[in-house]
Novice: 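Mind looking over this structure? Questions follow.
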There are 2 protein chains.
Amino acid sequence: MRYIENPYDCPVTRAMSIFGGKWKPIILNCIGESSLRFGKLNQLMPAISNKVLSNELKELETLGLIERKEFKERSQRVEYTLSDSGKSLMPVLHEIANWGNSNQAKKIVTEMVK
Amino acid sequence: MRYIENPYDCPVTRAMSIFGGKWKPIILNCIGESSLRFGKLNQLMPAISNKVLSNELKELETLGLIERKEFKERSQRVEYTLSDSGKSLMPVLHEIANWGNSNQAKKIVTEMVK
DNA sequence: CGGAATCCGCCAAGATACTG
DNA sequence: CAGTATCTTGGCGGATTCCG
């Protein structure tokens, strides 16, 4: 290993630069196998502003991790699902969520919050 | 699910707030099963400034994910290893690195860089 | 309903220089 | 060698308002 020349030679850097950040993993995990509307996502997730959610969704779409489907009805309706690329992330997200549910993680967080 | 009241009720939020961020996963993955000195870490990792590396290591130690051992010799020597908590993260890190090595990830990154 | 457009504060992160 | 000490800055993220 020697990633100095190009940071992206590091697999973890590569992965985290794609789905890392404060909101992306949460969004991806929330969508999961289902198909969610903008408003529904907003409800399911920890507090996130419209703008940020909107931006993140756009980025995720550009990255090819999610797909946006717009239904032309009287009241505008949009649904987000994981693309195949996005689905390939599910094992990773599960592993993360799984660890997040461990007592280890819970204990550390309660210490952090103090 | 409804994490609005308390964000930390979301397992992914919990996990990422612990080992997420730009550098923490990379550092943890670099250390892995081995025992690394400060300078060695600096070499192995993508370019990171002294200050940031120092800060991150301190935080990781506070979180209880790594252990710092100082050897009193003529030239000062410090080694960092994963604690048991830190080791419990290895499957997660492996999954992340693994995905980072996938063609999916590599392709996305090359698109991003453009 | 699902955003877009502004405006803005703040702090993570970097550059650089220095030290026990 | 393994860090501090300072100073500086980009851009992430939030609040609010407006729109088709």
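Per chain, numbering begins at 1; letters A, B, ... match sequence-line order.
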Novice: If we ignore hydrogens and angles and just use 3.5 Å, is the side chain of B:Ser83 paired with the main-chain N or O of B:Leu65 as donor and acceptor?
Specialist: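 Yes: the side chain of B:Ser83 pairs with the backbone of B:Leu65.
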
Novice: Tell me, please, which residues at least two apart from B:Glu67 pass salt bridge (Lys or Arg N to Asp or Glu O under 4.0 Å).
Specialist: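 Applying salt bridge (Lys or Arg N to Asp or Glu O under 4.0 Å) to B:Glu67 gives none.
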
Novice: Would you indicate what A:Lys40 reaches in the nucleic acid, counting non-hydrogen atoms under 4.0 angstrom: base, sugar-phosphate, or nothing?
Specialist: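 Touches nothing.
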
Novice: Taking only side-chain N and O atoms of A:Arg77, does any of them lie within less than 4.0 angstrom of OP1 or OP2 on C:dG2?
Specialist: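 Answer no for this pair, as no side-chain N or O of A:Arg77 is under 4.0 Å from OP1 or OP2.
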
Novice: Show me, pair by pair, the donor-acceptor contacts under 3.5 angstrom made by side chains of residues 47-55 of chain B, not counting sequence neighbours?
Specialist:
residue: B:Ser49; atom: OG; partner: B:Val52; partner atom: N; Å: 3.3
residue: B:Asn50; atom: OD1; partner: B:Asn42; partner atom: ND2; Å: 3.0

Novice: I need the minimum non-hydrogen distance between A:Leu36 and A:Ser34, along with the two atoms involved.
Specialist: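 So the minimum-distance heavy-atom pair works out to CG-OG, 3.8 Å.
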
Novice: So, does B:Arg68 use its side chain to make a donor-acceptor pair with the main chain of B:Tyr80 at under 3.5 Å?
Specialist: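 Checking the backbone N and O of B:Tyr80 against the side chain of B:Arg68, no donor-acceptor pair under 3.5 Å is found.
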
Novice: Contact boundaries of DNA chain D with chain A (under 4.0 Å, heavy atoms), 5' to 3'?
Specialist: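 That gives a stretch of D:dG13 to D:dG20.
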
Novice: Expressed in angstrom and rounded to an integer, what is the separation of A:Glu79 atom CD from C:dG2 atom C1'?
Specialist: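 About 13 Å, once rounded to whole Å.
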
Novice: What's the angle between the local helix axes at either end of the helix from C:dC1-D:dG20 to C:dG20-D:dC1, using five pairs per end and rounding to 10 degrees?
Specialist: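 End axes: 60° apart.
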
Novice: What integer distance in Å separates A:Phe38:CZ from C:dA4:C1'?
Specialist: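 Going from A:Phe38 (CZ) to C:dA4 (C1'), I get 10 Å.
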
Novice: Is A:Arg77 positioned over the aromatic face of A:Phe71, cation under 6.0 angstrom from the ring centre and no more than 45 degrees off axis?
Specialist: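 Yes - A:Arg77 lies over the ring of A:Phe71, closer than 6.0 Å to its centre and within 45° of its axis.
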
Novice: Rounded to whole Å, please give me the gap between CZ in A:Arg68 and P in C:dG2.
Specialist: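 That distance rounds to 10 Å.
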
Novice: Any chance you could measure A:Glu111, atom CD, to A:Ile108, atom CD1, to the nearest 0.5 Å?
Specialist: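 Answer for the CD-CD1 pair, A:Glu111 versus A:Ile108, is 9.0 Å.
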
Novice: What is the separation between atom OH on A:Tyr80 and atom C1' on C:dG2, rounded to the nearest whole Å?
Specialist: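 These atoms are roughly 7 Å apart.
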
Novice: Can you tell me how far apart CD (B:Gln43) and CZ (B:Arg37) are? Round to the nearest 0.5 Å.
Specialist: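 B:Gln43 atom CD to B:Arg37 atom CZ measures 10.0 Å (nearest 0.5 Å).
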
Novice: Polar-atom pairs under 3.5 Å, protein N or O versus N or O of nucleotides 9-16 of chain C: list them with distances, or write none.
Specialist:
residue: C:dA13; atom: N7; partner: B:Lys51; partner atom: NZ; Å: 3.2
residue: C:dG14; atom: OP1; partner: B:Lys22; partner atom: NZ; Å: 3.1
residue: C:dG14; atom: OP2; partner: B:Trp23; partner atom: NE1; Å: 3.2
residue: C:dG14; atom: O6; partner: B:Lys51; partner atom: NZ; Å: 2.4

Novice: Let's go through A:Lys22 and A:Glu56 carefully: what are the C-alpha distance in whole Å and the side-chain angles of both, what is the deciding distance for salt bridge (charged side-chain N to carboxylate O under 4.0 Å, His left out) to 0.1 Å, and is it a yes or a no?
Specialist: CA-CA 10 Å; A:Lys22 185 168 183 177; A:Glu56 298 289 309; over 6 Å; no

Novice: Return the set of residues passing ring pair (Phe, Tyr, Trp, His ring centres under 6.0 Å) with B:Trp23 (not counting sequence neighbours), or none when no residue passes.
Specialist: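 Ring pair (Phe, Tyr, Trp, His ring centres under 6.0 Å) check on B:Trp23 returns nothing, list empty.
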
Novice: Find the distance A:Glu70:CD to C:dA4:C1' and express it as a whole number of Å.
Specialist: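 Taking CD of A:Glu70 and C1' of C:dA4, I get 14 Å after rounding.
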
Novice: Kindly assign one of parallel, tilted or perpendicular to the pair A:Phe19 and B:Trp99, based on the angle between their ring planes and the thresholds 30° and 60°.
Specialist: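 It falls in the perpendicular class, over 60°.
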
